[in-house]
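Bear in mind the structure is a predicted one, so any value in this text is a computation, not a measurement.
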Amino acid sequence: MLKNYSSVTEFYLLGFPGSKERHSVLFATFFFFYSVTLIGNMVIILTVCVDKRLQSPMYFFLGHLSILEILITSVAVPLMLWGLLLPGMQAVSLSACCVQLYLYLSLGTSELLLIGAMAVDRYMAVCNPLRYTSIMNSHTCLWVVIVSWVFGFLFQIWPAYATFHLTFCKSNVLDHFYCDRGQLLKLSCDNSLFTEFILFLMAVFIIVGSMIPTIVSYTYIVSTILKIPTASGRRKAFSTCASHFTFVVIGYGSCLFLFVKPKQTQAAEYNRVASLMVLVVNPFLNPFIFTLRNDKFIEAFRNVMKRCYQLLKN
């Protein structure tokens, strides 16, 4: 149970500044991004589950990554869209704010761990192909996914508790479109420097900790690919990693800008832009990054569509 000595029982989200016309444009834009995110990632999940040719570790991880992308964007974007339709500020209860922040941090942590695991999977496929199927078996993949989910939700219990254990007495207005931790710390009248420092170290531990296996894996991958004598062989080996590498660069870049900063109470405009990258842009790009140049997935998707058409026709 939250223990808060302040009289704050709800927060008001300022959302995006600007006129009603600007809000209408933003609503249409973000609604389009959100719709494509849901449809694209659900298509990935459905195709991976239905087509037997995609029953491999890479696509198993991709399916769970798509689930995480849907959940992460759904934690904040529907509330943001609703706020763009309402005049004035949007009220959010203290409990709802706490749940939103906790889910956002937990799902984000699980996603970073899964991205690191996918990098190791690519390393095994490129650098140790003979041992790949024996090491990356279904049992191993299942445990990797379970650990990623469970660790993410357990690890973020204290950060969420520590944030809402503070006394909020300066104001109850958050200059953001969701319950951002930096803005919450800004409203605290307690001395939160130590808490901010611990939260910073925990963010570094998760982001940098998941980056290390990713960097090491891709260092070995690049080294192995460069040793392949033929250009066609190098292209084929790199094509198995290109989509994941692109996602890694975009995903880690956004997270580093948003979380790994000593001062959590950074400028609201900076936080808004970085949060949009994590919550809107990245989940939107995920289906395109992993499927557009993936001939195997495209062929599997076509077969799924044919099967669906035949079922509807019959």
Side-chain angles (χ1 to χ4, degrees), residues 2 4-35 37 71-105 107-108 156 159-160 162-190 192-193 195-196 199-200 203 254-255 257-284:
L2 291 174
N4 197 298
Y5 296 103
S6 69
S7 58
V8 173
T9 58
E10 63 180 7
F11 293 99
Y12 290 92
L13 305 178
L14 284 179
F16 295 90
S19 62
K20 186 177 179 181
E21 290 73 19
R22 186 190 180 192
H23 281 191
S24 299
V25 172
L26 289 175
F27 175 84
T29 303
F30 294 145
F31 181 78
F32 170 76
F33 273 60
Y34 182 58
S35 300
T37 297
L71 294 176
I72 287 172
T73 192
S74 297
V75 164
V77 173
L79 184 67
M80 176 186 72
L81 293 173
W82 181 245
L84 288 169
L85 293 176
L86 296 175
M89 294 183 291
Q90 187 176 12
V92 180
S93 68
L94 181 68
S95 299
C97 204
C98 179
V99 170
Q100 185 188 55
L101 179 63
Y102 172 67
L103 289 176
Y104 172 59
L105 296 175
L107 293 167
Q156 293 297 341
T163 301
F164 286 92
H165 192 69
L166 298 170
T167 305
F168 302 106
C169 58
K170 293 181 180 179
S171 173
N172 64 342
V173 177
L174 295 173
D175 191 4
H176 217 296
F177 59 83
Y178 80 105
C179 294
D180 176 63
R181 185 167 63 190
Q183 293 300 308
L184 288 165
L185 293 172
K186 200 173 182 179
L187 301 182
S188 172
C189 51
D190 296 333
S192 61
L193 287 177
T195 301
E196 288 187 48
L199 294 175
F200 166 72
S254 303
C255 289
F257 275 114
L258 185 59
F259 293 114
V260 183
K261 51 183 188 286
K263 191 66 175 174
Q264 290 285 337
T265 57
Q266 200 158 348
E269 197 62 35
Y270 175 97
N271 278 344
R272 248 195 299 268
V273 173
S275 297
L276 284 174
M277 284 294 299
V278 174
L279 288 165
V280 179
V281 179
N282 291 357
F284 170 79

Shortest non-hydrogen separation from Cys97 to Leu184 and the atoms involved
SG-CD2, 4.4 Å
Give the minimum heavy-atom separation between Pro283 and Met277, together with the two atoms involved.
CD-O, 4.3 Å
Hey, what's the ring geometry for Phe27 with Phe31, parallel, tilted or perpendicular (30° and 60° as the breaks)?
parallel
Please report the interatomic distance CD(Gln100) to OG(Ser93), rounded to the nearest 0.5 Å.
10.0 Å
What distance separates Ile72 CD1 from Leu105 CG, expressed to the nearest 0.5 Å?
10.5 Å
With Phe284 via ring-ring contact (aromatic ring centres under 6.0 Å, His included) - residues at least two apart
Phe33, Phe288
For the atom pair CG (Leu276) and CG (Asn282), what is the distance rounded to the nearest 0.5 Å?
10.5 Å
Which heavy atom in Leu187 sits nearest to a heavy atom in Ser171, and how many Å separate them?
CD1-O, 3.6 Å
Given 3.5 Å as the limit, does a donor-acceptor pair link the side chain of Gln156 with the main chain of Leu103, or not?
no
According to the interplanar angle, ranging from 0 to 90°, do the rings of Phe16 and Phe177 count as parallel (below 30°), tilted (30 to 60°) or perpendicular (above 60°)?
parallel
Go through the steps for Asp180 and Arg272 under the test salt bridge (Lys or Arg N to Asp or Glu O under 4.0 Å), then give the verdict.
CA-CA 9 Å; Asp180 176 63; Arg272 248 195 299 268; over 6 Å; no
CG-CE distance between Leu279 and Met80, expressed to the nearest 0.5 angstrom
8.0 Å
Should we say atom OH of Tyr12 is surrounded by more than 12 heavy atoms from elsewhere, each under 6.0 Å from it?
no
Separation between OH of Tyr178 and OG of Ser275, rounded to the nearest 0.5 Å
3.5 Å
Value rounded to 0.5 Å, distance of CG in Leu81 from OG1 in Thr29
10.5 Å
Partners of Tyr34 by side-chain hydrogen bond (donor to acceptor under 3.5 Å, both in side chains), sequence neighbours excluded?
Ser74
Heavy-atom pair of closest approach, residues Cys179 and Leu13
N-CD2, 4.5 Å
